[in-house]
Amino acid sequence: MDKAYDPKAVEGKIYSMWESGGYFTPKIDKKKKPYSILLPLPNANDPMHMGHAMFVIEDILIRHHRMKGDPTLWLPGGDHAGIETQYVFEKKLAKDGKSRFQFDRDTLYRMIAEFVEQNKTVNRDQMKRLGFSLDWTRYHYSLEPEIVATVLDTFRAMHKDKLVYRDSRLVNYCTRDGTSFSDLEVKHVERTDPLYYMKYGPFVLATTRPETKFGDTAVAVNPRDKRYTKWVGKEIEVEGLAGKFRVVVVADDVIDPTFGTGIAKVTPAHDFTDWEIAKRHNLPAKQVIGFDGRMTDAAGPYAGMKVGTAREQIVRGLESRGLMDHIDTNYVHTVATCYKCGSVLEPLPIPQWYVKTKSLATQAIKAVKEGKTKIIPKKRFEKMYFDWMENILDWNISRQIVWGPRIPVWYCLDCNPAVTLSFLSKDDQKITGSYGDICTNHSFEEIRDGLQSLSAPLEATYTLTEGTCKTCRGTHILQETDTFDTWFLSSQWPLTTLGFPNGEDFNYFYPTSVLDTMWDILFFWVARMMMMGLYRTKKVPFEIIHLHSRVVDAKGQKMSKSRGNVVNPLKMVDQYGADALRFTLVFGAAPGSDIAVSEDKIRGMRNFANKLWNIGRFVLMNFESAGKEIPFYNKNMTLSNPEDNKIIAALNKLIASVTKDIERYRFSDAAQALYEFAWHTVADMYLEKNKERFKTGDAESLAVLRHVCLTLLKLLHPFMPFVTEKIWGKMPKKYDKPLIISSWPD
RNA sequence: GCCCGCUUAGCUCAGUGGUAGAGCAUUCGCUUUACAUGCGAGUGGUCGGGGGUUCAAAUCCCUCAGCGGGCACCA
């Protein structure tokens, strides 16, 4: 054995040994209770970051249960990550001076699929570097046909149960990414913007969005605001930028009399509050901003301008006409921005597919209240979970992107001539219009082949199966171009990857034992898996939700590219070994809190791995110099030396505490106890005090020494699998099988 | 605005009623044949401020301050 442990020379070979030995693949044994965890599926073409490395928590649980003899499954997968991937791909396109609008949707889809294919193995290979004992034979990718088929089936089941429906309401729409989002994907950001006080008929009113003036269909006041009581119900005449127009004055409770002048202009098509006001007062909605982020024809002279430009121009126009009373330049408010690209989101009216969530949430709340699923740490996250579930809104599952499974709904164009189509014609012109208008100049086949997107009016009839129209017998049928929200697919991961409804894995491993992830996707993913799992199987998808630490830098700052404080896990593995990084991520991490990672700390843990190596080396040297068979320690042995009795007692205490700590998800406590025991109790004290006895080849002391060392390797194996496996391989043992499948001490 | 969490050694964090802990950093001394990725010894905290309960509080309660997070339709 070398003087120092060299992880680079060891890790690759050990991992291959485990993988080729088939140790990651569980043997299904109906007599035993299985233990299973699904790896939170990373974006398949995303390189690994420290957040992924934190899945070491799962490897610890998995290795512990495997050693306990449970049929243990850790199932890996990769996500197509709809918006994320399309966003990255479009940035690549932009570099080549191209845009998504230059391609029909089938071509665009193929291009993205090829792009993903090139990078698909990156993340997988990196997971292996960390020693993750994932069952790669069960790897799943989110767009596999079987997985998509189950997802589509869920959609149909929900449609039948009236849990999915189509509605036209305001959605948060990113005009840059060209898609709507669910409420969860909206990031509220505080900003300082001008608040414009403009003259408005007989009033002065405050608004941050003067450009939406063309879409105003009312003004609103609070019913208890005496200043305006006499106006309520009357029409007022307003001088606009393109002639005069008339709007009605309505009274509505949401209006805060203390804000601005107590009067709000009502723009139903572009503001969530106004949309609600309009519904209550039967006001029409007038869309003045298009899905491309430009003013529509309804904006008269400003048509075609981007919203920002139009605002500047309109402010100038109002000022020159004397219609601007004054401007408050220091108004602080929050705006909704896109969580992917940061653009300001535009509330726009568009028909979308929704999941009715209320009844699903009720079940998900009940399951946690009844303890069928436990959340750890309970204190902080259970309340968050309940708060969210209790206030849940219906879930918009349509996305206007191509990268993902299309919603399985078909429209007959002959029955629905008002369906709006965007497509590339044979001569590569982008054409948009209703089918009724364009079908005279373009054949159905031309439209189909060049199709980019379609938008069906809310009244449009549709079927859930492909084929000839049952009403008119026509064949001019097109599928919905909206794709599913990625989370609609991943919320069914426990079902799809295990082969719901009748797969052997599903029958055996579902419900899974633990779902471990960081808390940032508690709502996006975990809560929705609860709802979907309960909906389809009447059983919870997992018994425990464990929310692990967020990895931050040495100063406690969140790691981000813009801060420049990102620590690359693979670089650390190269430099200090996977075991060192793994132990760093566990040591000092309390669930739900942050864990600080610095190179200094990783180096310290590398030193600990080396310490273990040298304990092993010390034991071996003593066995070699003894040059004889040493009996194996067993519990019935009577030990004559008090030092031996002491170390055995301490070891037994350690076994109990480490086992308990892992069972209670107190990984840091276990790691600290192991560190303390190995380094100080064993190396500093026991080895030093008894060196002379080992040298003389005393059989009892050597038997105890070997037992302590082998047991310590077992206890440490889930945390530091490589160095422990390597030392184990060199030690004299009763049975020669790898540490990974040895038995957990008791 | 509403809700939650945090504040303990230079740094990052454990500790939740009974004489203050870890890792890293730091100081001093050691070429002792398992390991200088080491060994030995040490420095370092009135546990955010204030008040209360208790024989006893870092730990329970109240309050103030700072930091972080979740939720939210203020035009």
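The structure displayed is predicted, hence computed values, not measured ones. Every chain is numbered from 1 and lettered A, B, ... according to where its sequence line falls, protein lines coming before strand lines.
If you check B/U46 for Watson-Crick or wobble pairing at under 3.5 angstrom, you find it has no partner at all. Taking a pair to require two hydrogen-bonding distances under 3.5 Å in either a Watson-Crick or a G-U wobble arrangement, B/U53 remains unpaired. Of all nucleotides present, only B/A22 satisfies the Watson-Crick or G-U wobble test against B/U12, with each distance under 3.5 Å. Across all strands shown, the partner of B/U7 is B/A65, judged by Watson-Crick or G-U wobble contacts whose two distances both fall under 3.5 Å. Look at B/A72: it lacks any Watson-Crick or wobble partner with both distances under 3.5 angstrom. Pair assignment for B/U33: none, as no Watson-Crick or G-U wobble contacts are both less than 3.5 Å.
Atom pair A/Glu676:CD and B/A14:C1' shows a separation of 14 Å (rounding to whole Å applied). If you measure from atom CG of A/Asp387 to atom P of B/C71, you get 11 Å, rounded to the nearest angstrom. Per the geometry, CZ belonging to A/Phe667 stands 15 Å off P belonging to B/A14, to the nearest Å. The distance from atom CG of A/Leu184 to atom P of B/C71 is 7 Å, rounded to the nearest whole Å. Here B/G23 presents its P atom at 11 Å from NZ of A/Lys601, a figure rounded to the nearest Å. Atoms CD (A/Glu692) and P (B/A34) sit 10 Å apart, rounded to a whole Å. Between A/Asp594 atom CG and B/G5 atom C1' the separation is 11 Å, expressed in whole Å. Atoms CZ (A/Arg666) and C1' (B/U16) sit 11 Å apart, rounded to a whole Å.
Residue-level contact check: A/Leu620 touches neither bases nor backbone, having no heavy atom under 4.0 Å from any strand. At the heavy-atom level, A/Glu688 lies under 4.0 Å from base atoms of the strands shown.
At the phosphate of B/G38, OP1 or OP2 sits under 4.0 Å from a side-chain N or O atom of A/Asn607.
With hydrogens and angles left out, the side chain of A/Lys3 and the base of B/C35 share no donor-acceptor pair within 3.5 Å. Remark: the A/Arg603 side chain and the B/U37 base include no donor-acceptor N/O pair separated by less than 3.5 Å.
Between A/Leu195 and A/Phe587, the residue anchored closer to the 5' end of RNA chain B is A/Phe587, taking for each the nucleotide with the nearest heavy atom. Nucleotides of RNA chain B nearest to A/Tyr5 and A/Thr208 differ in position, and the one nearer the 5' end is that of A/Tyr5.
Rounded to the nearest Å, the gap between the P atom of B/A20 and that of B/U54 is 23 Å. Taking the P atom of each, B/C67 and B/U12 are spaced 16 Å apart, rounded to whole Å. Rounded to whole Å, the separation between the P atoms of B/U63 and B/C55 comes to 24 Å. Rounded to whole Å, the P atom of B/C47 lies 24 Å from the corresponding atom of B/G42. Rounded to the nearest Å, the gap between the P atom of B/G40 and that of B/A57 is 37 Å. Comparing the same atom, P, in B/U19 and in B/G51 gives a spacing of 25 Å after rounding to whole Å. Annotation: B/A65 and B/G23 have their P atoms spaced 38 Å apart (nearest Å). Comparing the C1' positions of B/G69 and B/C30 gives an interatomic distance of 49 Å, to the nearest angstrom.
In this structure, A/Lys265 is not positioned above the aromatic face of A/Phe203 in the sense of NZ or CZ being under 6.0 Å from the six-membered ring centre and within 45° of the axis. Cation-pi geometry between A/Arg169 and A/Trp275 is not met: the NZ or CZ atom fails to fall both under 6.0 Å from the ring centre and inside 45° of the normal.
In this structure, A/Phe719 has its ring center at least 6.0 angstrom away from the ring center of A/Phe587.
Judged by distance alone, with hydrogens and angles left aside, the side-chain atoms of A/Glu346 form no donor-acceptor pair with the main-chain N or O of A/Ile289 at under 3.5 Å. Checking side-chain atoms of A/Thr207 against main-chain N and O of A/Arg209 turns up a donor-acceptor pair under 3.5 Å. No donor-acceptor pair closer than 3.5 Å links the side chain of A/Asp274 to the backbone N or O of A/Pro268.
The nucleotide whose nearest atom lies closest to any side-chain atom of A/Trp679 is, among B/G5, B/G70, B/C39, B/C39.
With sequence neighbours left out, the salt bridge (charged side-chain N to carboxylate O under 4.0 Å, His left out) criterion links A/Asp256 to no other residue.
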